[in-house]
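Worksheet: one structure, shown below.
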Amino acid sequence: MELSSGTVLAIIGAAISMGLAAIASGIGVGLAGIAGAGVISEDPKKFGPVLVLQALPQTQGIYGFLGAVLILIGVGVLGGAVKEIPMGMGYAALGGGIVIGLSSFTAVAQGAIAASGMGAVAKRPETFGQAIVLAVMAETFAIFGLLIAILIFVGTKIMGG
Amino acid sequence: MIRDVLSYLYVNATVMAKEGKFISAGRWDDLWGCASPGEVASLLEGTDYFPYLSEGAVHEAQALERAILEEFSALGQEISKIIPKGAWPIREYLLKKWDVINLRTALRGMHGGLQKEHLMDSFLEGGELSVTFFETLLDAEGMDDFVALLTGTPYQALSEGLARYYETHNLFFLESLLDKVFWEDLWTKVLKARGIKEFRAFVEVCVETHNLKIILRAKSDGLLREDIDPFLIPERTIIDELLSTFDEEDLPGLLPLLEETPYFEPLVGAQHEYERTGSVVAFEEVLDSQVLNKAQDIRKKKPFGPGPLIGFLVSKETEVKNLLAIVRSTEIDLSRDEVRESVMRK
């Protein structure tokens, strides 16, 4: 099957969106997981709050997945009929994928915050709510990244075209 | 940055979880008023100390003290196993501390002429030297023999204090040398080690307070500069000015020389208590508080590095010191306020 250059660029955009987000979320979840193991080794009853905090950096991975799926649907890779899309749209899809992929690196900081939050919760269980709020703050920029990517996809007719 | 964060993540989370099990303010309130080891032991239920309490700990202050120290020693060993490789001086600090504690016990036993069987159970695992080694020290026939048995260990330097010890029969000289060996060795190592500047800053304060305690105690006891030189850790600029006028000034006259240092205000604050009691303990207490403050300061400034670990170690040591003071107070007749005053430094 011959693919147009625009379509290939869009597929690369999808790969970047998911690939970078997976790396970033993996690091974030890993950081939180190490701290979580430290807390649980001392107090297994803290598994619940630890699990919630560890899950937070996973959301950037979900955004990356969502961005990749939107691009793949837009170019018809998902759905059976691959479209021939122009180079300009291909670059736009690539840009959207890059935005999502890079903004996903907020998951690394979020993992570090979640790790500290676990320590705080282990010391004072009543700080669980505050620990979540602090960790969620880092999420904001990943959401902005996803929004900008969606605006690019809509504006360039990759979505809804 | 990520490497720093990663290497301390597990240990910091573990120690923060351990901090969650520190004795609460409410329980301290009850502990101040304890009149017997049994009462203290019952209040330790649910804490990390409880599994170490033997039957004897309920009736005997000495057994209770040992249980508290056993928990502290086991904690040190546990933490030393999870400390990042790059932070090896912190591991040395944790382990060698127990050598010093055991040696101090043996020294005091030898000085006080205690029977070997009374001291055999006083030594605790956790240091670099074995408990058997400390038991052998108890076979010494005198302090000369005792110090000779330390040959080959870092503590052989205690021989430098033997002459003054025999002259005065004051254990201060040997104990000061013991502390000097510990802090000087650690200080030399942290100066060479990389990536642990926060711990270096902490050790620096410990070294400075060690020197200041010796200077202030020596001045209070009317000693001369040449008497204390072997007990001070050199290369700390803070003591240069103090030593240059040591023989001319009296104790209150030495304090203004520290004006540019963080020790000045706390020491001046303790001057009234010193004048009231005539004891340098007032100064020693504020210097100990400076060590605690430094650890807490590092903790706040470096929350992702060794800060929480250093803060935890010092807080735990303070908790243990306070608990031991409460246990010892059950053997003497002290009021609740007197106990509280003597231990409330946390």
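This structure is a prediction, so every number in the text was calculated from the model and none was measured. Here is the naming used below: chain letters follow the sequence lines, and residue numbers restart at 1 for every chain.
For a heavy-atom cut-off of 4.5 Å, chain A lies close to no residue in residues 61-68 of chain B. By a heavy-atom distance cut of under 4.5 Å, Ala112(A), Ala115(A), Ser116(A), Gly119(A), Ala120(A), Ala122(A), Lys123(A) are the residues of residues 109-130 of chain A near chain B, going up by number.
For the set Lys21(B), Met16(B), Glu19(B), the entry with the most heavy-atom pairs within less than 4.5 Å of chain A is Met16(B).
Atom-to-atom distance recorded for Thr14(B):OG1 and Asp43(A):CG is 11.5 Å, nearest 0.5 angstrom. Note: Leu6(B) CG to Ile27(A) CD1 = 8.5 Å, rounded to the nearest 0.5 Å.
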Practice item. Output, in order, the C-alpha distance, side-chain angles, deciding distance and verdict of side-chain contact (heavy atoms from CB on, under 4.5 Å) for Val39(A) and Lys18(B). Key: CA-CA 8 Å; Val39(A) 171; Lys18(B) 284 184 184 296; over 6 Å; no

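Taking every heavy atom of both residues into account, Ile34(A) and Leu9(B) meet most closely at CG2-CB, 3.9 Å. Residues Ala37(A) and Tyr10(B) approach most closely at C-CE1, 3.6 Å, considering heavy atoms.
Counting heavy atoms of neighbouring residues, nucleotides and ligands inside a 6.0 Å radius, atom CD of Glu125(B) does not exceed 12 of them. In Met137(A), the CE atom is not crowded: 12 or fewer heavy atoms of neighbouring residues, nucleotides or ligands sit closer than 6.0 Å. By the 6.0 Å contact criterion, CD on Glu128(B) is enclosed, its count of non-hydrogen atoms from other residues, nucleotides or ligands being greater than 12. Counting heavy atoms of neighbouring residues, nucleotides and ligands inside a 6.0 Å radius, atom CD of Gln77(B) exceeds 12 of them.
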